[in-house]
There are 2 protein chains.
Amino acid sequence: MTTNTPWLDRRQLRAWIRLRAMLELLPGTLDTQLRHDVDLTEFEYTALAMLSEAPGRTMRMTGLAQRTNATLPRLSHVVARLEKRGLVERFPCPENRRATNARLTEAGWAKVLQAAPGHVATVRRHVIDVLTDEQLDQLTAIGDAVLASLDPSGKGAVFYTHYDDEQTGPAS
Amino acid sequence: MTTNTPWLDRRQLRAWIRLRAMLELLPGTLDTQLRHDVDLTEFEYTALAMLSEAPGRTMRMTGLAQRTNATLPRLSHVVARLEKRGLVERFPCPENRRATNARLTEAGWAKVLQAAPGHVATVRRHVIDVLTDEQLDQLTAIGDAVLASLDPSGKGAVFYTHYDDEQTGPAS
DNA sequence: CCGGAATGGTTGTAGCTACAAGTTTGCTGG
DNA sequence: CCAGCAAACTTGTAGCTACAACCATTCCGG
C-alpha cells in the first residue's frame with residue numbers, strides 16, 4: 001500500500017475517459033426522458049419493471065434490491081414513495097415475518113406499459129442502435145469483468161447471466 | 001412516435017443489463033474510496049485534477065464544466081464548496097467580465113497529490129486491470145459511439161479525443 | 001447606438017441517495 | 001431454552017444534483 005501505483009498510459013486513459021463520461025452523462029439522459037414522459041426515475045422504472053416480470057408481480061425487498069443494484073435503505077425509500085403513488089403495495093412476507101414483499105398494483109402495471117416504449121427507444125437511440133452486434137458482445141464481456149471485480153462474491157452475477165443462454169444450467 | 005419500437009433481443013438485453021449495472025455500481029465504489037481516504041467526491045476529484053493539468057492551474061467555469069461533463073449550476077455549487085475548503089479560489093476573468101476563473105490553490109494541489117494514487121489504484125483494480133488491451137480499445141470505440149449519440153454537437157469530443165494520438169492535428 | 005437575444009454565472013429549493021441507527025424476527029450453540 | 005448474533009427492514013438526516021429563476025455582461029442587427 002506504500003504506493004507503487006503505475007500511472008495510466010495513453011491507451012488506458014483513453015478508455016477510462018470514455019467510461020467516466022458515460023457514467024456521468026447516461027444516467028441523466030435516461031432520467032430526463034423518463035421524468036419528462038412518465039414522471040419516473042430510471043431507478044424507479046427499473047424497480048417497477050423487475051416487479052412486472054416476477055411471478056405474481058411480487059418480490060421480496062432484498063431480492064429486488066439485488067436486481068436493481070441498490071442498497072436496502074435506498075430501495076426502502078423508493079418503494080415507500082412508489083407506494084404513496086399507488087404503483088406498488090407492500091405486505092409482510094408469510095414465510096418470513098421479518099421480510100417484506102413488494103407487489104406491483106394494477107396502476108403500477110399500467111405505468112410500466114406506458115413507460116416502456118419510450119424508455120426502450122431512448123436506450124436504443126443512445127446505446128443499442130449505435131453499436132454493432134460485435135460491440136454489444138464486447139460490452140457484455142467488459143461488463144462481466146468489471147462487475148466481477150466490484151462484486152467478488154458474485155451474488156449479482158446470478159442475474160447478469162440469467163439472459164445469457166436459456167439452455168445452459170446455473171453457473172458452475 | 002406511435003410506438004413501433006422493437007423490443008430488445010437477448011444479445012442486446014444482455015449488454016444493456018451489464019452497462020446499467022456498471023452505471024449503478026461504479027460511481028458509488030469510486031466515491032466511497034475517495035470520500036473515505038481524502039474526503040472528496042469523484043466529481044470533486046475530477047474537477048481538481050482538471051484544474052491541476054490546466055495552464056496556470058486555472059480554468060473558466062464553462063470550460064471546466066465541459067471537461068467534467070457537468071452542468072454549470074452543478075459546477076458552481078461544487079466549486080463554491082471547494083472554495084470554502086480552501087482548495088480552489090475564484091476570481092473574475094480579465095478578458096470577459098461576465099466570466100469567472102477557478103484556480104487551484106496550493107492546498108488544492110496538495111490534495112490532488114494526496115488523492116491521486118489511491119484513486120488510480122481503485123480505477124485500476126475495478127476497470128483497467130481486469131480488461132485486456134484489446135478490450136480497452138473496444139471500450140474506447142464503444143464510448144465514442146455512445147457519447148456521440150448523447151452529444152451530437154460533438155463539443156465534448158474535443159476532450160475525449162485529446163489523448164488519442166499526439167501526432168494527429170485537431171479534428172477536421 | 002440602442003433594443004433584444006445570447007453568453008456566463010449564481011442562487012434557491014425540491015428531491016434523491018448514502019450513511020448511521022434502531023427494530024423486529026430468526027437462527028445457533030451451549 | 002435462552003443468550004447472542006445475523007438477517008431483513010425502516011427511519012432520520014446530511015449532502016449532492018437537477019431545475020428553474022435570476023442577474024450581469026456582451027454581441028448583433030437595423
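Atoms considered below: every heavy atom in the structure, side chains included; atoms not considered: hydrogens, waters and symmetry mates. Worth saying up front: this structure is predicted, and the values here are computed from it rather than measured.
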Here the salt bridge (Lys or Arg N to Asp or Glu O under 4.0 Å) pairs for residues 83-92 of chain A, sequence neighbours left out, are A:D39-A:R85, A:E44-A:R85, A:E83-A:R90, A:E89-A:R103
**Request:** Indicate yes or no for a side-chain donor-acceptor contact from A:K111 to the backbone of A:V38 under 3.5 Å, with no hydrogens or angles considered.
**Result:** yes
Closest heavy-atom pair and its distance - [X], [Y]:
| X | Y | result |
| --- | --- | --- |
| A:D31 | A:E42 | OD1-N, 2.8 Å |
| A:R18 | B:G143 | CB-CA, 4.0 Å |
| B:P27 | A:L23 | CG-CG, 4.2 Å |

Quick note, B:F43 side chain, CB onward, closest among D:dA8, C:dG8, D:dT17 is D:dT17
Winner on side-chain proximity to A:L72, out of C:dC16, D:dT10, C:dG8, is D:dT10
### Message
Does a side-chain N or O of A:R81 approach OP1 or OP2 of C:dT17 to a distance below 4.0 Å, or not?
### Response
yes
Tell me the interatomic distance from [X], atom [atom1], to [N], atom [atom2], rounded to whole angstroms.
| X | N | atom1 | atom2 | answer |
| --- | --- | --- | --- | --- |
| A:N101 | D:dA7 | CG | P | 19 Å |
| B:L34 | C:dA18 | CG | C1' | 15 Å |
| B:M61 | C:dT10 | CE | C1' | 9 Å |
| A:Q66 | D:dA7 | CD | P | 12 Å |
| A:D39 | D:dA18 | CG | C1' | 14 Å |
| A:Y45 | C:dC16 | OH | P | 19 Å |
| B:L75 | C:dG8 | CG | P | 14 Å |
| A:N69 | C:dT17 | CG | C1' | 15 Å |

side-chain contact (heavy atoms from CB on, under 4.5 Å) filter on A:E95, not counting sequence neighbours, yields A:C93
Checklist entry - Is the Lys NZ or Arg CZ of A:R74 less than 6.0 Å from the centre of A:F43's six-membered ring, within 45° of the axis? => result yes
Each nucleotide of nucleotides 19-26 of chain C classed B (base within 4.0 Å of a protein heavy atom), S (only sugar-phosphate) or -, in 5' to 3' order, makes BB----BS
Hey, does B:T100 reach any base, or is it just sugar-phosphate, or nothing, if we go heavy atoms under 4.0 Å? sugar-phosphate
